[in-house]
Structures are given as C-alpha cells and as structure tokens.
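Side-chain atoms are counted along with the backbone in the values below, which use heavy atoms only and exclude waters and symmetry mates. A note on names: the letters A, B, ... follow the listed sequences, proteins ahead of strands, and every chain is numbered from 1.
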There are 2 protein chains.
Amino acid sequence: MANIHEIARRAGVSVSTVSRVLNQHPYVSAEKRAAVQRAIDELDYTPNRNAVDLIRGRTRSIGVIIPYNNNPAFDRMLSGVLNKSVEEDYTVTVLPTRYDPEKELEYLTMLKTKLLDGIIITSRANDWSSIVPFAGYGHIVACEYTELEDIGCAYIDRYAATLEVFSFLKSMGHADVAFTTARGETSISTRLTMQAYRDVFGEVRPCRCLDGCTTLKDGMDAARHFLEGKVRPTAVYANGDDVAAGIHQFVLSAGLRIPDDIAIIGQENQPIGQVLQLTTVDHQLFRAGEEALRLVTRGSRDKVQIPYRIIYRSSSG
Amino acid sequence: MANIHEIARRAGVSVSTVSRVLNQHPYVSAEKRAAVQRAIDELDYTPNRNAVDLIRGRTRSIGVIIPYNNNPAFDRMLSGVLNKSVEEDYTVTVLPTRYDPEKELEYLTMLKTKLLDGIIITSRANDWSSIVPFAGYGHIVACEYTELEDIGCAYIDRYAATLEVFSFLKSMGHADVAFTTARGETSISTRLTMQAYRDVFGEVRPCRCLDGCTTLKDGMDAARHFLEGKVRPTAVYANGDDVAAGIHQFVLSAGLRIPDDIAIIGQENQPIGQVLQLTTVDHQLFRAGEEALRLVTRGSRDKVQIPYRIIYRSSSG
DNA sequence: ATGAAAGCGCTAACAT
DNA sequence: ATGTTAGCGCTTTCAT
C-alpha cells in the first residue's frame with residue numbers, strides 16, 4: 001500500500017498538506033486539495049490506522065469482557081454494546097474469559113498497551129483491587145454496581161428485583177420457595193439473590209437452592225432436585241428463562257400443574273419464556289449494554305441504574 | 001507509560017537489547033537480561049502494541065462481519081469464532097452491518113488500514129466483485145460456498161439439507177408444504193431453499209412461502225398467513241427454531257394438532273425447539289465459526305464443508 | 001553479545 | 001496557505 005509520502009510526491013505537495021486534507025483541516029487551497037484527492041483516488045490510498053493510533057494515542061476501539069458467549073444474559077448486553085457502538089462510531093472487541101482471572105488481567109492489559117480506549121466488564125473474575133489500577137490506562141465501566149471512584153457503571157438492581165419477586169410470591173401464599181443460581185457465592189448475583197431470599201423467607205436451605213444452572217437441561221435437573229424430597233416447594237425462581245423452561249418441562253412431565261402445584265418465575269424475558277407463558281424479570285440487559293458503551297466512550301464514571309420490569313404471565317398464578 | 005528508551009536507560013543497555021529480551025531473542029547475556037527485566041518490573045512496563053503492530057504489519061486480530069447480533073444463527077457462528085480465537089491467541093472484533101453495503105465496505109477497509117489481519121464474512125450485503133479486491137490486503141473467509149480463488153470458506157450445504165427435509169416431508173405423504181425465509185431472494189439461503197422446494201414440489205406459490213421471518217412473533221404471523229386460505233398446508237419448514245416455535249404456538253392456539261394437522265420442522269437446534277419437541281436441522285454453525293477462524297488465521301483458502309444433521313422429534317410425525 | 005541508526009506511516013508544532 | 005521537521009514507540013539490519 002502506498003503511504004502518505006507517495007501521495008505527497010504524486011500531488012506535488014508536502015505530507016502535512018496531505019495530512020490536512022485527510023483530516024479535513026481548513027487552510028488548504030482548493031487546487032492542492034483537489035490534487036491530493038486525485039492522488040489518493042489514483043493510488044487507492046487509505047491511511048494506516050496503526051500509525052494514526054500510535055501517534056494519537058487513541059484507537060476508538062473498546063473491549064467487552066464477557067465470561068461466556070452464547071449465554072442469553074451476556075449476549076443481550078453484548079448486543080446492546082454493539083448496537084450503540086455503531087452510532088458512536090466505535091469498534092468493539094469481544095474478550096471471553098470463562099472466568100479465568102489470568103485471562104481477564106491479560107485483557108485489561110490491552111488498555112496499557114494502547115490497543116483499547118476502554119473496557120466494559122459485564123462480569124468479572126478478579127477482585128476490584130487488581131482491576132482498579134488499570135483504570136489509570138483507560139476507561140473502565142462495569143455492569144454491576146460499585147462505589148469505586150475510578151469505575152463507571154451501568155448496573156441493574158438485582159436485589160430490589162429479587163426482593164419484589166419473593167415478596168410477590170409470598171403475597172400469593174407461597175411459603176416454601178426454591179431458586180436457582182449460576183455460579184456460587186463468588187458471584188454478586190448469587191449473593192444478592194440469597195440476601196433477598198433471607199430477607200423475605202429467612203434461612204436458605206440447601207434443598208431449596210441449586211447452583212450451577214444456566215441451560216434448559218440444568219433447569220430440568222434442578223426441578224428433579226427440588227421435587228425429590230417428600231415436601232416439595234410451591235414456587236421456583238429461576239436465574240434465567242432457559243432454566244425456567246427446563247423446570248417447566250420437568251414439572252409438566254412429572255404430572256404436576258403450573259402454577260397450581262408449582263409456580264415458576266424466570267429472568268431475562270427470552271422468547272422461550274413467551275412461548276411457555278412464563279412470568280419473568282426483564283433486567284433490560286440490552287439497555288445496560290447500550291448505557292455501558294455510552295459511558296465508556298465518554299470516559300464517564302457515572303453510576304447509572306437500569307430499571308427492571310416484571311412481566312407477569314400465567315406461570316406464576 | 002514508560003517506553004522502551006526509558007527501560008534501556010534504566011537498565012544501562014541499548015533499546016535493541018531491551019527489544020531482544022522483550023521478544024525472547026537469544027544472544028543476550030544473563031546479566032543484561034536480568035537488568036532489563038528488573039527495569040521492566042520496576043516501571044511496570046508494557047510495550048505499546050500500536051507501535052509493534054505498525055512495524056510488524058500484523059495485529060493478530062480478526063474481524064467478523066455479521067448482519068445482526070442477537071440472532072440465533074449468527075450468534076452460534078460468532079460463538080464458534082470466539083471459542084477458537086482464544087486457543088489460537090487471536091483477538092476478534094465484531095462488525096455488525098445490518099446488511100448495509102456501505103458499512104460492510106467500511107469494515108473491509110480495515111484490512112487495508114492494517115487494523116485487521118483477516119475478516120470472516122458470516123453473511124454479506126455486497127457482491128463478491130466488490131469484496132474480492134480486499135483479499136489483496138488480508139485474508140477473507142466466508143461462511144458460504146464460493147468458487148472464488150481468493151476466498152476461503154467454511155460453508156454449510158443448505159441445498160442438500162433442505163432437499164432432504166422436503167424429500168422427507170414428501171415421503172411422509174405431505175404434498176402441500178409451506179416454508180419461511182429471512183430476507184428475500186437477495187440471500188443465497190432463500191434462493192437455495194426455493195430451489196430445493198421446486199426440485200421436490202414444483203412451483204413455489206406465494207401463499208406457501210413467507211419472507212422476512214426471524215422472530216417468534218414472525219412465526220406466529222407466518223402461521224396465521226398460512227392458515228388463512230381455505231386449503232391449508234400440511235407441513236411447514238421454518239427458517240429457524242424461534243420462527244418454528246411461533247408457528248407451533250399459533251397452530252396450537254388455532255385448535256389444530258401437531259403433527260397430525262400440521263407438521264413443523266425448524267432449524268439450528270435451539271433450546272426452544274427441544275422444549276417443544278421440534279424436528280430441526282442442525283447446521284452446526286458453531287463448528288462453521290470455529291472452522292472459519294481456523295482458516296482465516298492460517299491464511300487458508302480451503303473450502304471446508306460443515307456437515308448438517310437432522311434431529312427428528314415429534315413435531316414432524 | 002551489544003549498540004547505533006534507519007525506518008514503520010503518520011500528526012502537529014513551528015516556521016515561513 | 002504550505003512546508004520542514006521532530007517525534008509517536010517499536011523492530012531490525014548492520015556494524016563492531
């Protein structure tokens with residue numbers, strides 16, 4: 001590929017003039033501008049972005065740290081990020097960690113190496129203490145609430161949503177409620193869910209709580225688990241609509257009725273939940289993703305809460 | 001951030017020596033290497049990747065052109081790409097086009113600007129004639145079959161799969177079959193589907209074919225469309241499991257039985273199809289994505305076919 | 001084994 | 001208005 005010098009030579013001007021027309025600066029005569037443009041067209045020239053980014057120190061590119069791809073929740077957020085990135089004219093790089101802390105730090109280092117202007121953390125594997133230092137090299141926005149000064153966030157109020165769900169179930173007469181979670185008490189989601197449970201129903205008994213659930217099949221296994229005791233719960237709050245759908249299937253196949261024998265509430269408002277008429281908590285993760293991108297491109301450290309909505313359907317009575 | 005000169009000064013060596021230890025070259029004495037390492041650690045130094053990429057002319061980064069995010073099919077491919085990218089140590093940038101040809105060309109230009117080593121095209125908005133020239137600047141791999149020399153591909157045999165589906169339906173006694181598609185005859189998928197239909201059933205009547213379907217709701221509308229005539233089809237081949245699920249719902253709500261009154265076959269083997277016991281064509285798009293990444297990182301122009309599998313469930317009788 | 005120096009392709013301050 | 005020039009931070013000959 002030709003470079004800026006070749007264009008300059010061919011147009012009979014200096015490289016600065018070429019640079020000026022490239023960056024639409026004023027103070028370039030119409031003739032020279034035309035000559036430069038001609039040379040550019042003739043040689044089909046495009047500036048080398050590595051050189052531009054090197055000298056500018058910015059890339060208009062941001063990264064999205066995501067534990068798993070092909071997970072409804074994270075995909076929604078990523079989708080929101082991508083959607084907004086187009087209108088903000090930023091490029092987005094996906095950084096899948098599988099919750100490997102080393103990998104995550106490696107990705108964060110891309111701020112230091114100047115490859116990324118900012119990073120959105122949808123879910124993290126490291127403690128904040130090892131993440132915060134990277135905020136010195138680029139903007140970091142999280143999809144969870146944090147009081148840290150250096151970190152912006154577009155977060156959902158999972159505690160409030162969960163509290164509302166459990167309170168609703170209680171008001172409907174449910175006293176024995178079970179729930180599923182995805183990844184143990186290392187995750188804030190799980191901790192907040194358990195806290196809300198305690199605040200409404202008291203102690204969390206092992207037989208009413210199952211971790212490690214993400215897929216439809218996990219939901220079926222969870223339902224089997226919840227139903228195997230002599231006393232069975234009368235409602236289940238699943239950590240996703242896929243899981244809820246699995247529970248739904250197993251419950252029906254066990255000859256029980258929904259919601260009469262067991263009420264089910266899911267999360268994320270997925271199509272599968274619509275089909276099965278599942279009540280669901282829509283955390284509006286798409287909007288969270290959009291907001292996260294908006295924040296990170298502005299270098300904002302604002303704390304923005306994304307409101308949730310509960311969509312009541314027949315599965316919860 | 002410190003740069004290589006500072007490290008050199010601090011370690012009392014030249015920049016070339018620093019560069020050598022950075023790139024694990026031989027011929028560096030143990031003492032100097034240690035001194036350099038100490039300086040690197042003390043200053044918490046990380047090389048600027050823009051500078052490295054500029055001089056090397058490579059980035060170990062590839063782009064994935066994708067029309068829509070949050071579409072089961074494209075998400076599967078993207079997921080496969082990402083999965084493989086981790087083990088191949090490449091970074092992937094998502095390039096959403098919404099089938100805007102201009103946007104797509106803009107993305108392809110990232111090969112010229114040296115930002116990307118290669119690009120995977122999951123689905124395109126431009127003619128090959130305007131895409132091929134970019135192959136001169138970086139590797140291009142498509143997720144559709146093409147004979148073009150310059151383009152590698154990891155493709156699915158949609159015609160064969162569709163032919164098998166229609167032949168199966170015919171063998172089951174279905175003579176009046178409908179189908180849905182996503183985006184008109186500009187898309188190869190649609191063209192291949194129509195071709196297979198003609199080859200098995202003859203003429204494609206407008207009342208047996210509905211375009212613009214991607215979501216569950218589209219499926220419900222499609223079913224309404226197919227059922228409104230006096231004679232209704234006895235089977236529908238949907239272009240995705242979400243669409244098939246919508247059809248499923250509408251058919252049931254219309255008081256008809258599946259598969260007795262109407263057989264349904266979907267595509268992509270999504271969880272929703274598993275729940276509804278939908279027969280489905282699994283095109284193994286995840287594998288296609290993995291293979292595409294493998295090809296593009298190797299600069300290969302091989303043509304690799306990804307086999308499909310039909311998963312028979314009760315919705316097709 | 002090590003260093004000096006010439007770039008990679010571009011931007012921008014400075015001079016004219 | 002336009003050109004000269006000094007970098008941005010790194011790799012890689014080419015000497016020694």
> Can you tell which of dT4(D), dG9(D), dG3(C) lies closest to the side chain of S14(A)?
Replying inline: dT4(D)
> Which nucleotide in the set dG9(D), dA12(C), dA5(C) lies at the smallest distance from any side-chain heavy atom of L54(B)?
Replying inline: dG9(D)
> What's the NE2-C1' distance between H25(B) and dC10(D), to the nearest Å?
Replying inline: 12 Å
> Between the side chains of K112(A) and T46(B), does any donor sit under 3.5 Å from an acceptor?
Replying inline: yes
> How close or far is atom P of dA1(D) from atom CZ of R33(A), stated in whole angstroms?
Replying inline: 11 Å
>> Using modelled atom types and a 3.5 Å cut-off, is there a donor and acceptor pairing between side-chain atoms of N69(A) and backbone atoms of L78(B)?
In response: no
> Which part of the nucleic acid does T17(A) contact within heavy-atom distance under 4.0 Å: base, sugar-phosphate only, or nothing?
Replying inline: sugar-phosphate
>> Classify V13(A) by what it touches in the nucleic acid, base, sugar-phosphate, or nothing, heavy-atom distance under 4.0 Å.
In response: sugar-phosphate
> Is E42(B) salt-bridged to R10(B), cutoff N-O under 4.0 Å?
Replying inline: yes
> Taking only N and O in the side chain of S19(A), is any of them less than 4.0 Å away from OP1 or OP2 of dT11(C)?
Replying inline: yes
> Whole-Å distance between dG7(C) C1' and N50(A) CG?
Replying inline: 16 Å
> To the nearest angstrom, how far is Y27(B) atom OH from dT12(D) atom C1'?
Replying inline: 16 Å
> Rounded to whole angstrom units, what separation is found between the CG atom of L115(A) and the P atom of dC10(D)?
Replying inline: 12 Å
> Start at the 5' end of DNA chain C and walk down; is the nucleotide closest to G12(B) or to A51(B) reached first?
Replying inline: G12(B)
> Roughly, in whole Å, what's the span from CD1 in I4(B) to C1' in dG7(D)?
Replying inline: 16 Å
>> Can you measure I7(A) atom CD1 to dT11(C) atom P for me and round it to whole angstrom units?
In response: 12 Å
>> Side chain of H5(B) only, heavy atoms from C-beta on: which candidate in dA1(C), dC10(D), dC10(C) is closest?
In response: dC10(D)
>> Is there a side-chain contact between N48(A) and the phosphate of dG9(C), meaning an N or O under 4.0 Å from OP1 or OP2?
In response: no
> Is it true that E106(A) and K103(A) have a side-chain N and a carboxylate O under 4.0 angstrom from each other?
Replying inline: yes
> Does any N or O donor sit under 3.5 Å from an N or O acceptor when you compare the side chain of S16(A) with the base of dT4(D)?
Replying inline: yes
>> At less than 4.0 Å, is any side-chain N or O atom of Y45(A) found next to OP1 or OP2 of dC10(C)? Yes or no.
In response: yes
>> Counting only side-chain nitrogens and oxygens, does N23(B) get under 4.0 Å of the OP1 or OP2 atom of dT11(D)?
In response: yes
> Is any side-chain N of the basic residue among E291(A) and R294(A) closer than 4.0 Å to the acidic one's carboxylate O?
Replying inline: yes
>> Under 4.0 Å, heavy atoms only, any strand: does K114(B) hit a base, just the sugar-phosphate, or nothing?
In response: nothing
> CG of N3(B) versus P of dC10(D): gap in Å, rounded?
Replying inline: 6 Å
> Less than 4.0 Å between a side-chain N and a carboxylate O, is that true for D117(A) and R60(A)?
Replying inline: no
> Any donor-acceptor pair under 3.5 Å joining the side chain of R20(B) to the base of dG3(C)?
Replying inline: yes
